[in-house]
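Here is the naming used below: chain letters follow the sequence lines, and residue numbers restart at 1 for every chain.
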Amino acid sequence: MDIEARIQRRQRRDGEPRLLVDYDSLSPVAHTDDPVNCGPVLERLLDYLDPVFDGHLPPNAYVYGPKGSGKSAVVTALFDHLVRASSVNNAAIHTTTRVQATFAPRFVYVDARETTSAFAFYHAVLDALVDESVPKQGIKTEALQSRLKAALGGPKTGAVVAVDHLEEPGTLDGEAFVDLCAGLPSKVSWLAIGRAPPDETVLTDYTAGAIQFEPYQSQVLVDVLMTRVSAAGSRRTLDHRLARDIAEWADGDAHDALAALFGAADEAVRNRHRSITAADVAAGIAAVPRPCVSLGRVFSLPENRQQVLHELLTLRPDQQQSVQATSQHIAKSVDLSATTVKRILYELAEDGITRRVTAERVDRKGRPPSRLEPQFPTVVFERLFAAQ
DNA sequence: GATCCACGGGAATACACGGATG
DNA sequence: CATCCGTGTATTCCCGTGGATC
């Protein structure tokens, strides 16, 4: 946090202390280096990775748990450390190796939301593995595969690839992912991360074990919220009791809790409150639909889809009586034809980003129209979208 | 020239509903 | 009464084109 921001935060206006918050610290899509209170699951992940320190690759594994239970937060933090440790200083791992051979495993984190094709997937893995830049176009997918093989050619190398957000709408499904992994060199083990319980996914047909993430306990969630709040502003910004209210409402889902907190902080800032009030919290909670789609999914959408969503949020209710009318209005402010906008709107609804609500009754003929309800935290989206 | 993929457009299909038909 | 039909929408699906990069 730079000095400028710290000073700004202390500035007064109208003699009143004014709340200023650092929205990045509250963002449900931002993960911290050091997730709060995740000891037990972290230990289980390290247990799984233990063979690495013995000079072997671990088997494939599956990490699962509901949205907002900390899967991405913990795995990204862990892999960040491992990547740093293995690339900056291989010795760190070598010296703890109990056998003589110098086994230098690599660690790769891939977000399936960003890699929806075979090409993109192999590209992501290879790009993380080699220093030179890897072409994004113009070469065959098979060319990437052989380069991967070459990159892991050494006798004492191997890689553990964590693939996050599998089997979401719009990302790789289990079958496709397993097929892609079959095209990887044999010296690669994968750690799949998804939401489905082990018995509801084909992924576990190919893994030796599964690691479960439970929804956050209310008390832990309160800690998470308070930690984020103090990173974003001052500890006094949020009353402990209000944090508890948010946590109770969120029912163990850190994503939703942070989204609500973000909305509450935004409301407080706009009302020039000196701290977050109960009414602000109520407004913050109200701006998070339930069930709620993860913002991470929304922000990994292509730019023009996000544009369409942004415009959708600016329309008046009377402009979105039907999908057709909605797309025509949106097409006016976006560089896409109404037909294309319409198709995009249907795709977004299909993926659960929005929800179609069919009108009760219309005048006469024809199938009744639908309106689209956002299924993601709109306030947070607007703020972070504007900041992009 | 190869290769990947985003775009755009519209054709095809499904649906709702009232009214006609057998 | 059951079914079909016409009309006007909503919704899904498919495929060609073109930019960008190697």
Heavy atom of residues 349-357 of chain A under 4.0 Å from DNA chain C: which residues?
A:Glu350, A:Arg356
Tell me the interatomic distance from A:Ile344, atom CD1, to C:dC13, atom P, rounded to whole angstroms.
17 Å
Which residues, if any, of residues 131-144 of chain A bring a heavy atom under 4.0 Å of DNA chain B?
A:Gln137, A:Gly138, A:Ile139, A:Lys140, A:Thr141
Ignoring hydrogens and angles, state whether a donor on the side chain of A:Thr204 or A:Thr207 is under 3.5 Å from an acceptor on the partner side chain.
no
Is A:Arg290 positioned over the aromatic face of A:Trp249, cation under 6.0 angstrom from the ring centre and no more than 45 degrees off axis?
yes
Partner residues of A:Arg371 under the side chain to side chain contact (heavy atoms under 4.5 Å, CB included) criterion, sequence neighbours left out:
A:Val357, A:Glu373
So, with a heavy-atom separation below 4.0 Å from DNA chain B, the residues of residues 329-341 of chain A are A:Asp335, A:Leu336, A:Ser337, A:Thr339, A:Thr340
Might you point out which heavy atoms bring A:Glu114 and A:Ala120 nearest each other, and give the distance in Å?
O-CB, 4.5 Å
Quick one: A:Asp127 CG to C:dC22 P, roughly how many Å, whole number?
12 Å
For A:Glu214 and A:Ser69, does a side-chain donor sit closer than 3.5 Å to a side-chain acceptor?
no
Quick one: is A:Asn304 getting a side-chain N or O under 4.0 Å of the B:dA6 phosphate, OP1 or OP2?
no
Reckon A:Ser370 has a side-chain N or O less than 4.0 Å from the OP1 or OP2 of C:dT11?
yes
A:Val83-A:Val134 co-clustered via ILVMFWY side chain contacts under 4.5 Å:
no
Tell me yes or no: between the side chains of A:Gln320 and A:His329, is some donor less than 3.5 Å from an acceptor?
no
Report yes or no: does A:Thr157 contribute a side-chain atom to a donor-acceptor pair with the main-chain N or O of A:Leu152 at less than 3.5 Å?
yes
Quick one, which residues of residues 305-324 of chain A touch DNA chain C with a heavy atom under 4.0 Å?
A:Ser322, A:Val323, A:Gln324
Partner residues of A:Phe381 under the ring pair (Phe, Tyr, Trp, His ring centres under 6.0 Å) criterion, sequence neighbours left out
A:Phe299, A:Phe376, A:Phe385
Does OP1 or OP2 of B:dC4 have a side-chain N or O of A:Ser117 closer than 4.0 Å?
no
Would a single hydrophobic cluster contain both A:Phe213 and A:Tyr109, if residues Ile, Leu, Val, Met, Phe, Trp and Tyr are joined by side-chain heavy-atom contacts under 4.5 Å?
yes
Send over the distance from A:Gln145 CD to B:dC4 P, rounded to a whole Å.
11 Å
Taking only Lys NZ, Arg NE, NH1 and NH2, and the carboxylate oxygens of Asp or Glu, determine whether A:Asp253 and A:Lys67 approach each other closer than 4.0 Å.
yes
Phosphate OP1/OP2 of C:dT12: any A:Tyr346 side-chain N/O under 4.0 Å
no
Is the shortest distance from a Lys or Arg side-chain nitrogen in A:Arg305 or A:Glu347 to a carboxylate oxygen in the other one below 4.0 Å?
yes
Ignoring hydrogens and geometry beyond distance, is the side chain of A:Arg343 in donor-acceptor contact with the base of B:dG10 at under 3.5 Å?
no
Check the side chains of A:Gln375 and A:Thr354 for a donor-acceptor pair under 3.5 angstrom, ignoring hydrogens and angles.
no
Would you kindly give the CZ-to-P distance between A:Phe121 and B:dC4, to the nearest whole Å?
17 Å
Measure the distance from CD on A:Glu303 to C1' on B:dC5 and round it to the nearest whole Å.
17 Å
Between P on C:dT12 and CG on A:Leu348, what's the gap in Å once rounded to a whole number?
12 Å
Under a plain distance cut-off of 3.5 Å, with no hydrogens placed, do A:Ser72 and A:His31 share a side-chain donor-acceptor pair?
no
